[in-house]
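Here is the structure we will look at.
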Amino acid sequence: MNHRPIYITSATQISMQQPLSEAWLADAVISNESYVRSIEPHFRQWLPPLVSRRMGTLMKRTLVAALKVMADGGVTSPDAIITGTGLGCIENTELLLHQLTAGEEETLKPTWFMQSTHNTLSSLIAIHTRCHGYNTTYSHRSQSFDAALLDAVTQLRLGDITNALVVAADEMTPTTFAILRRTGMVGQPGQVPATEATVAMLLTTDATRALCQVESLQMTAMLPDGVPQPDLLVTGHNGLPENDAFYDAVAARFPGIPCFRYKRLFGEGFSSPALGLYAAAHLLRQGRAHRLLFVNRGDGPNHTFVTLCAHHP
């Protein structure tokens, strides 16, 4: 495989922090609640009201985030759209199921069904950007974004495409939160808030507007050998001992290197890993962050290690 340089040109988020903004770097929103929903952007700045009203909440977030990163990256129609989502448009799925129950499977609204499928998000972006290229969706719980990112990096290195819009999106409804809390995934004592996340980033082989360079990407069950000494670790600590033990072991491999625990500001959810990469990219670009995320030491069986390096045009 051709190891041509790959860059993150632009990246944005809609989460419990100020949306479509990097204000969290200096003025972060801190919450001690067990469940926090996203702060909504001003959709009217990006979507006509008649278009917006026909979309579910997650669809609007995803489309607006995608339009923002494409505008920042100088791209009007990407070569590929690759999405990772744990549960898809779960709010529309719940509406459909409630209607099935209440209406005894009669007079169903087809819109809720059409907008509940996982690949709705990628399709929506393609329609609005007139993208006829590669379009796919990965749905593997918390590894959904990792799979989407690996797909994009692979195709960029093969030379099949020159840019890719990579998106991670999930919502956390009250019903979803209640179910996931019973499973022990979120809402546990000492754990970071359960939250929603919509992240979009543009990966390209063009260094012109790069935030940073993707040096390596590896999905593995343990920290691979030969990892170079980093200046900073961005880890997925979330407050649960069974989750944090892995990241503590990783940190122990690099004594004295500070850890950036992004979930303390962005929370836990299926698309949280995308927020970690988003945060790392902007940290490299701006070289500063909220002090509450740093510590001086260092959830499933598999983890993804992404090595980024600063790009100086």
Side-chain angles (χ1 to χ4, degrees), residues 8 10-25 28-31 33-41 43 56-69 82-91 118 120-122 124-125 137-149 165-174 176-177 180-181 185-187 191-202 234-239 243 260-283 290 293 299-300 304 306:
I8 298 178
S10 54
T12 195
Q13 54 78 30
I14 298 173
S15 67
M16 61 182 284
Q17 298 297 323
Q18 289 299 318
L20 309 180
S21 166
E22 282 64 66
W24 56 271
L25 285 163
V29 176
I30 307 297
S31 176
E33 301 295 326
S34 59
Y35 170 49
V36 181
R37 302 209 70 170
S38 293
I39 300 174
E40 305 291 6
F43 292 120
T57 302
L58 191 64
M59 295 173 67
K60 289 187 285 189
R61 293 174 186 165
T62 303
L63 181 57
V64 166
L67 294 175
K68 174 70 163 55
V69 295
I82 308 175
T83 298
T85 178
L87 296 176
C89 299
I90 191 65
E91 190 168 55
H118 287 62
T120 294
L121 303 174
S122 283
L124 176 70
I125 298 170
T137 298
Y138 291 90
S139 184
H140 305 298
R141 295 189 295 180
S142 295
Q143 294 181 14
S144 301
F145 172 75
D146 300 341
L149 182 65
L165 176 65
V166 183
V167 176
D170 274 290
E171 51 194 345
M172 184 80 68
T173 67
T176 305
F177 170 68
L180 294 179
R181 181 170 55 183
M185 175 183 172
V186 297
Q191 192 178 15
V192 299
T195 59
E196 306 169 304
T198 302
V199 180
M201 56 186 66
L202 185 67
V234 179
T235 63
H237 287 85
N238 70 3
N243 172 83
F260 185 91
R261 299 183 177 185
Y262 69 92
K263 290 183 180 180
R264 294 170 69 183
L265 293 193
F266 292 103
E268 181 66 276
F270 286 119
S271 288
S272 292
L275 288 164
L277 184 60
Y278 153 83
H282 283 284
L283 278 171
H290 197 279
L293 270 74
D299 151 58
T304 298
V306 183

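Everything quoted here is computed from the prediction, not taken from an experiment. Start at 1 with the first residue, then count along the sequence.
With rounding to the nearest 0.5 Å, the separation of CE in M185 from OG1 in T176 is 10.5 Å. Summarising the geometry, atom CZ belonging to R141 is positioned 13.0 Å from atom CG belonging to D146; distances are rounded to the nearest 0.5 Å. Separation of atoms NZ (K68) and OG1 (T12) is listed at 4.5 Å; rounding is to 0.5 Å. In this structure, M201 CE and L165 CG are separated by 10.0 Å, a value rounded to the nearest 0.5 Å. Separating the SG atom in C89 from the NE2 atom in H118 is a distance of 9.0 Å, to the nearest 0.5 Å. Between the CG atom in L149 and the CD1 atom in I8 there is a gap of 7.0 Å [rounded to 0.5 Å].
Using a distance-only test at 3.5 Å, with no hydrogens or angles considered, a donor-acceptor pair links the side chain of N243 to the main chain of G236. Side chain of T85 to backbone of A169: a donor-acceptor contact under 3.5 angstrom is found. When atom types are taken as modelled, the side chain of Q13 and the backbone of S21 share a donor-acceptor pair closer than 3.5 angstrom. Put simply, the side chain of S34 never gets that close to the backbone of G187: no donor and acceptor are under 3.5 Å apart. S139 places a side-chain N or O within 3.5 Å of a backbone atom of G86 that can act as its donor or acceptor partner.
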Report the C-alpha separation of L265 and I30 in whole Å, then their side-chain angles, then the decisive distance to 0.1 Å, and conclude whether the side-chain contact (heavy atoms from CB on, under 4.5 Å) test is met. CA-CA 6 Å; L265 293 193; I30 307 297; 3.1 Å; yes

Checking side-chain contact (heavy atoms from CB on, under 4.5 Å) for the pair R61/E171: CA distance, chi angles, key distance, verdict? CA-CA 10 Å; R61 293 174 186 165; E171 51 194 345; 4.1 Å; yes

side-chain contact (heavy atoms from CB on, under 4.5 Å) between L180 and F270: does it pass, once the steps are laid out? CA-CA 11 Å; L180 294 179; F270 286 119; 4.0 Å; yes

Go through the steps for Q17 and S15 under the test side-chain hydrogen bond (donor to acceptor under 3.5 Å, both in side chains), then give the verdict. CA-CA 5 Å; Q17 298 297 323; S15 67; over 6 Å; no

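What you find for V234 and Y262 is that their closest heavy atoms are CG1-CD2, 3.7 Å. Nearest heavy atoms, A147 versus H140: CB-CD2, 4.2 Å. Heavy atoms only, all atoms of each residue included: P41 and V64 are closest at CG-CG1, 4.5 Å. Of all heavy-atom pairs spanning A11 and H282, the tightest one is O-NE2, 2.9 Å. Here the closest heavy-atom approach between residue G84 and residue A148 is recorded as N-CB, 4.0 Å. The shortest non-hydrogen separation linking T62 to I125 is CG2-CD1, 3.8 Å.
In this structure, P19 and E40 have side chains that are not in contact, with every pair of non-hydrogen atoms separated by 4.5 Å or more. M172 is not listed as a side-chain neighbour of R37, based on a closest heavy-atom distance of 4.5 Å or more. In this structure, S272 and K263 have side chains that are in contact, with non-hydrogen atoms separated by less than 4.5 Å. Taking 4.5 Å as the limit, some side-chain heavy atom of Q18 sits within range of a side-chain heavy atom of I39. Taking the side chain as every heavy atom from C-beta outward, E91 and L58 never approach each other to under 4.5 Å. Looking only at side-chain heavy atoms (C-beta outward), T235 and F260 stay at 4.5 Å or farther from each other. Taking the side chain as every heavy atom from C-beta outward, L283 and L25 approach each other to under 4.5 Å. Taking 4.5 Å as the limit, some side-chain heavy atom of F266 sits within range of a side-chain heavy atom of Y278.
Looking at S144, S271, S142 one by one, the single match for side-chain hydrogen bond (donor to acceptor under 3.5 Å, both in side chains) with D170 turns out to be S271.
With sequence neighbours left out, the ring-ring contact (aromatic ring centres under 6.0 Å, His included) criterion links F177 to Y35.
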